[in-house]
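Below: one structure, written as structure tokens.
Just so it is clear: chains get the letters A, B, ... in the order the sequence lines come, proteins before strands, and each one is counted from 1. Keep in mind that what you see is a predicted model, and the values were worked out from it rather than measured.
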Amino acid sequence: MNDATTAARPDQRPGDRTQEIRHDFKAAEPRWQQAWEDRRCFAVPDVPPADAKKYYVLEMFPYPSGKIHMGHVRNYTLGDVVARYKRARGHLVMHPMGWDAFGLPAENAARERGIHPGKWTYDNIANMRAELKRMGLSIEWDREFATCDADYYGRQQKLFLDFYKAGLVERKESWVNWDPVDGTVLANEQVIDGRGWRSGALVEKKKLSQWFFSITRYAPDLLAALGTLDRWPERVKLMQANWIGRSEGARVRFRLAEPVEGRPDHPRARPEGPDQAGAPGIPSPSHSDGNGDPTEAHTEVEVFTTRPDTLFGMSFLAVAAEHPLAAAAAARNPAAAEFVAECRRMGTSEAAIEQAEKRGFDTGFRVAHPFLEGVTFPVWIANFVLMEYGTGAIFGCPGHDERDFEFASKYGLEIRPVVLPPGADPASFALDGKAYTDDGTIFNSGFLDGLDVPAAKRRVIDALEAKGQGTGVVNWRLRDWGVSRQRYWGCPIPFIHCEACGVVPVPDDQLPVKLPDDVDFSRPGNPLDHHPSWKHVACPSCGKPARRETDTCDTFVDSSWYFARFCSPRAADPVTKAAVDAWLPVDQYIGGIEHAILHLLYSRFFTRGMRDTGHLQLAEPFEGLFTQGMVQHESYKSADGRWLYPEEVEFTQANDGTRLAHLKADQSPVTIGRVEAMSKSKRNTVDPGAIIDRYGADTARWFILSDNPPERDMEWTEAGVAGAYRFTQRLYRLAASALPGLPPAGTTAEAAAGEARKLRQVTHRTIAAVTEALDSFAFNVAVARIHEFANAIAEAAEVPEMGAAKREALETIARLSSPMMPHLAEEVWSLLRPDEATLVAQLPWPEPDPALLRAETVTLAVQVLGKLRGTIEVAVGADEATIFALAEAEDNVQRAIAGKPIRKRIHVPGRVVNFVV
RNA sequence: GAGGGCGUGGCGGAAUGGCAGACGCAGGAGACUUAAAAUCUCUCGGGCACCAGCCCAUGCGGGUUCGAGUCCCGCCGCCCUCACCA
């Protein structure tokens, strides 16, 4: 295995006269991958020894689409560098891999090509596993699982039931996208311009009873704990904070001037929220299941506002089209019903585009102002009021809210300013065509007059509370997590519906609820639902015929706890305490920014849920988070407007230096388009397999790391890979060609002096610099330092006493580059230490010698008035007087001073001398 | 609309407030070669001088400082997230 021949490349033509030294990556890479596996270099126990420094590195696991893409290559390369580096630094590193294997594409394959989703998925996994293995990742494959394994989703069902028992699961009604032609529920991404992606039918909104996780219960903690995640990117924390969306305000109840017939099932019967005052989450309209007395009447409407201080500027009240009061209006007035129906039709995605215009309908109902005796305001149905937020009703204050201003202007409602901008005159103040939303002094507002905005908010809330007409509350934007999917290829939700007993959890001893294999995809809809036998079971509680829940879980559930399962992937319970207590949290999690909100928030929720059901002892799953940028590529278009794959295009250079592209097939001109994210539709993709065939895994890894900082988008270029390939060969050649002149392995370089000592200084400074760069995720800088190091080794003087220092340098460069180019590092190491059985993957990280980091002399920049005029070389520790004298004596400095008196001398040790004249 | 981020050579980028452009890619010149590939050497922000050297330059305009790519204020441009969230 440690054969260090310098074989000529097999593809060299016979006429070649140079017997080149070449690194044969095609032979070497599989050989070293086998060596790592044979020695189980990356295996760790489920329960690490007490004295071990554990480190858990995890990259977001892939969806098994069938082939890896460059985004995967980048993601897993970054993770592997961290894993290998931390391992060398003496940590016990867990670095697992698995598959996010449930989801719609498998069902689409089944419908389109008649392949069973399970077979399609497992075949894809086999392909992708093989491709990932070719990258040389330091993954412990023994821990691998797929979320579609019954072994995994069965444990997930156990967690689901535990969450249910802990009150973290609820059933409530919710709207779904319904395709009336296909008779199926559509995911949001299957609705294109309001139509079903397959049938083209207009999508309708339909209400179904569905399963929800009570994520809103943790809203305050999910928000507050963001402050403890100091190894998370700020922008991810910010996005989550915005998503959770805490806002302080008040709920205000408005009495209707006359009672309105209808069931007042909303919004009074809301559960109290986590903040004792707040009530986050889905308003769950009409969930009280018809227990209300149908003869009851609405007597009031509750609104949420963040601006209770503007209550005296009110001119109308508006409710959402889905609000019970809107329903009441629709019941008695066909025009209102028509307006409500229209709003519902606009419900989905095009709403966002279409809804520049605010529209409303006056119900004719009126509400009384809480503080103005005898004053009432009209109740409108408005298309810009959201049922899902707050109470689904607002009071309109056009003077100080832009939306209300627009609405009031359109419908001729009163606009009454109540906040006076600083310095404005209350007698003459008028709005200049738009709402005033900044701070100021309250006026026209009775007992609030003269207060500033925050004080007025407090005062009005006190007054509302005293009258029993409102309270100060905290409101949350976050809604409960609906997990029901009307799909086959997902984790079955473990419940049984019994006519007598209601919703009954599947008993633990009947888990897992396995998906049936014999499913029919020729019919639209959920195959679980129309399976002949699967859903018919006996009720676990009364034994009578009952039916299974046919909904399956949102796949975000699968990925919300996989990191915990990796700690003991074959355990009978979802997790084993000793393993998760030892290994969690994940020390470094790496993945795409596209998961900044949902996946990461759901995982944080799940961890809390698992903590509160006794499975875990921590709240935060990911201690460190790193979000990598996308991989981009130029796009190409043929003359007839077709997108072209990069391999169909070749390039020439015009006389003026511009790049020109042609179609390889017929030399027709090709337009070079923008650099953008690789995508199948634009065909600007590069196949990782082809790159590894041509250049090897080390080259691909090296290029990815060297191009730019990992958090930014990178551009994949042919020239860039070729450059990386050249460096791999250069490094190999550097070692192989020096080998004959080196002293035997183990020769110490301690005594080196002169030129040899200089090389040793470079070696040890590079160790320090690369270490620092890797610690801070500055992989492109680490690569640059290794380039410089290689240059220094190549330029080292050819003196007889250089040998030991050069051996040390070459051994060090192999070890420093090993996290990034693991195969080449092993190859070079085995070249230098042919008799040794040790792999670089098993070696500790090199330690710099402090004595060699210290410099004897230092170069100081000499400035005059802040402008550089020269440099001086001084001994480290020279006294200031000497330094100033030397600096002043420098020719060019003299010229710049030009005889003027020096007013001030500044010396920053090791950096700069500056004279002020 | 709200919130956030980023602007440095032809390109990717480097730079604890202290020699701007490390390192690489692309380009140019040369060596080797019958030729090419590979490899090696030199060069490579702009301008003036072309031997030292000088001036300009980190999106634009101000400011703080002995000294600003870096800190502060105001513009301009691009990107991202949420988007009628009351």
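- Counting non-hydrogen atoms under 4.0 angstrom, A:R785 reaches a base of the nucleic acid.
- Base pairing analysis places B:G1 opposite B:C82; the two distances defining the Watson-Crick or G-U wobble pair are each below 3.5 Å.
- Nearer to the 5' terminus of RNA chain B, by closest-nucleotide assignment, is the contact made by A:V781 (compared with the other of A:F915 and A:V781).
- Between A:F395 and A:A896, it is A:A896 whose nearest contact on RNA chain B lies nearer the 5' terminus.
- Using a 4.0 Å heavy-atom criterion, one finds that A:N791 contacts the sugar-phosphate atoms exclusively.
- Backbone-only engagement by A:V916 is indicated by non-hydrogen atom pairs under 4.0 Å involving sugar-phosphate atoms exclusively.
- Using a 4.0 Å heavy-atom criterion, one finds that A:E788 contacts the sugar-phosphate atoms exclusively.
- A sub-4.0 Å separation between OP1 or OP2 of B:G3 and a side-chain N or O of A:N242 is absent.
- Here A:V862 lies out of heavy-atom contact (under 4.0 Å) with every strand.
- Here A:N892 does not reach the OP1 or OP2 of B:G53: none of its side-chain N or O atoms lies under 4.0 Å away.
- If you check every strand for non-hydrogen atoms under 4.0 Å, A:T717 touches nothing.
- Residue contacts for A:S706: at a heavy-atom cut-off of 4.0 Å it reaches no nucleic acid atom on any strand shown.
- With hydrogens and angles disregarded, a donor-acceptor distance shorter than 3.5 Å links the side chain of A:E890 to the backbone of A:N892.
- OP1 or OP2 of B:C54 lies within a sub-4.0 Å distance of a side-chain N or O belonging to A:R869.
- Nucleic acid contact for A:L238: sugar-phosphate only, since backbone atoms but no base atoms lie under 4.0 Å from a heavy atom of the residue.
- Computed from coordinates, the A:L868 CG to B:G53 C1' distance equals 13 Å when rounded to whole Å.
- A:N914 comes within 4.0 angstrom of a base, heavy atoms only.
- Base pairing annotation: B:A68 forms no Watson-Crick or G-U wobble pair, as no partner gives both donor-acceptor distances under 3.5 Å.
- Within the nucleic acid shown, A:R730 comes within 4.0 Å of sugar-phosphate atoms alone, with no base atom in reach, counting heavy atoms only.
- Here B:G27 sits opposite B:U43 as a Watson-Crick or G-U wobble pair (both hydrogen-bonding atom distances under 3.5 Å).
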